[in-house]
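Input: a single structure, listed below in structure tokens.
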There are 2 protein chains.
Amino acid sequence: MPAVRLSDAEWTVMNAVWDREPATARDVLDAVVDETAWAYTTVKTMMDRLVDKGALKARRSSAAVVYRPAVTREKARRSAMRSLAERAFGGAFGPMAHMLLEGRGLTAKERRELKRLLQEDHDRRRTGSGQ
Amino acid sequence: MPAVRLSDAEWTVMNAVWDREPATARDVLDAVVDETAWAYTTVKTMMDRLVDKGALKARRSSAAVVYRPAVTREKARRSAMRSLAERAFGGAFGPMAHMLLEGRGLTAKERRELKRLLQEDHDRRRTGSGQ
DNA sequence: ACAATGCTTCTACATCTGTAGTATCATGCC
DNA sequence: GGCATGATACTACAGATGTAGAAGCATTGT
């Protein structure tokens, strides 16, 4: 499984679909109308291409085609991260996380949250509560 | 400054240049020879395009053109991360870091290191030793 | 000064991405 | 059953990316 590569515009479309779950091209157009100035056919073309790519599934429902994700947002995110780690960080997640934390990109709240996460993870590991 | 967007192949080239600092097209070709099967002119073309993009600087040194980075690896990495956060995580670094930490992508050592980082950062903040 | 060797420059071309027009098809209302 | 409305399918086209050939220019040893 080649792990669907999404382009910028495709992320925009997929995000709209993930937020609505079943969505028609018109739904997506409406959803992104103030983010982009796309024509209806632009959205439609992208969605059909996404079906080809295996990122969306299409099913005709009388009037129009209804699309829904063929991959979860999680999966897509994860594979985008993996791919970034690959090309930009030589495959290592560590330095990537490092940069993420060290920079001023996080809010104090997020930082707290992450620390908690690390702590939890640490505990989970030492008590061996797998899964 | 539009923040240089690097494609996959371009990352490969840039990584080789960053590792060598001044590098000719041949240097890069040699460096990536077992990763790719590129022809010399392929590398050369990419490097010249990277100059146009503002990612490399070129200077002719008698025989051949010597290239060096016009942006630091840090900057490139950072902007790639920003761009990923943008499209895939709605602009928030938090969830991105979250996913990075929660997944099994990190080694125990890295996890320790990150916790230390967060702690340090925390301390730095409360003692107000800003930059 | 000349030839060999290796660079450079130009050009090319297939694919992917972003964007959309046009013409055709289906549906639902009178 | 015919027509308006909106959706679909097909085609297009420019710019970016991946990949490279061909031909010409510079260096350097002799």
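Basis for what follows: all heavy atoms, side chains included, without hydrogens, waters or symmetry-related copies. Below, chains carry the letters A, B, ... as their sequence lines are ordered, and counting in each starts from 1.
Of all nucleotides listed (dG18(C), dT8(C), dT17(D)), dG18(C) comes nearest to the side chain of Asp8(A). Distance from the side chain of Ala39(B) is smallest to dA20(D) among dT19(D), dA20(D), dT19(C).
The NZ atom of Lys53(B) sits 9 Å away from the P atom of dA16(D) (whole-angstrom rounding). Residue Arg5(A) contributes atom CZ, which lies 13 Å from atom P of dT17(D) at whole-angstrom precision. The distance between atom CE of Met46(B) and atom C1' of dC7(C), rounded to the nearest whole Å, is 17 Å. Separating the CG atom of Leu6(B) from the P atom of dA16(D) is a distance of 15 Å, rounded to the nearest angstrom. Between the P atom of dT17(D) and the CZ atom of Arg87(A) lies a distance of 11 Å, rounded to the nearest Å. When rounded to the nearest whole Å, the span between CH2 of Trp11(B) and C1' of dT17(D) equals 17 Å. Remark: C1' of dA20(C) and CG of Asp48(A) are 14 Å apart, rounded to the nearest angstrom. Whole-Å rounding puts the Lys44(A) NZ to dT22(C) P distance at 19 Å.
A close approach under 4.0 Å does not occur between any side-chain nitrogen or oxygen of Thr42(B) and OP1 or OP2 of dG18(D). Here Ser7(B) reaches the OP1 or OP2 of dG18(D): one of its side-chain N or O atoms lies under 4.0 Å away. Distances shorter than 4.0 Å separate some side-chain N or O of Tyr40(A) from OP1 or OP2 on dT8(D).
For Lys53(A) and Asp48(A), the salt-bridge test fails: no basic side-chain N is under 4.0 Å from an acidic carboxylate O. Between Asp30(A) and Arg20(A) there is no salt bridge, since no side-chain nitrogen of the basic residue lies less than 4.0 Å from a carboxylate oxygen of the acidic one. Salt-bridge check for Asp8(B) with Arg5(A): passed, with a basic side-chain N closer than 4.0 Å to an acidic carboxylate O.
In this model, a side-chain donor or acceptor of Thr41(A) finds a partner on the base of dG21(C) within 3.5 Å. Between the side chain of Thr45(B) and the base of dA20(D), a donor-acceptor pair under 3.5 Å is found.
Among the protein residues, Arg49(A) comes within range of the nucleic acid bases, having at least one heavy atom under 4.0 Å from a base atom. Within 4.0 Å (heavy atoms only), Arg26(B) reaches sugar-phosphate atoms of the nucleic acid but no base atom.
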Exercise. For Asn15(B) and Thr12(B), what are the C-alpha separation, side-chain angles and deciding distance, and is it a side-chain hydrogen bond (donor to acceptor under 3.5 Å, both in side chains)?
Worked result: CA-CA 5 Å; Asn15(B) 280 328; Thr12(B) 302; 5.8 Å; no
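For Asp52(A) (side chain) and Arg49(A) (main-chain N/O), no donor-acceptor pair under 3.5 Å exists by modelled atom type.
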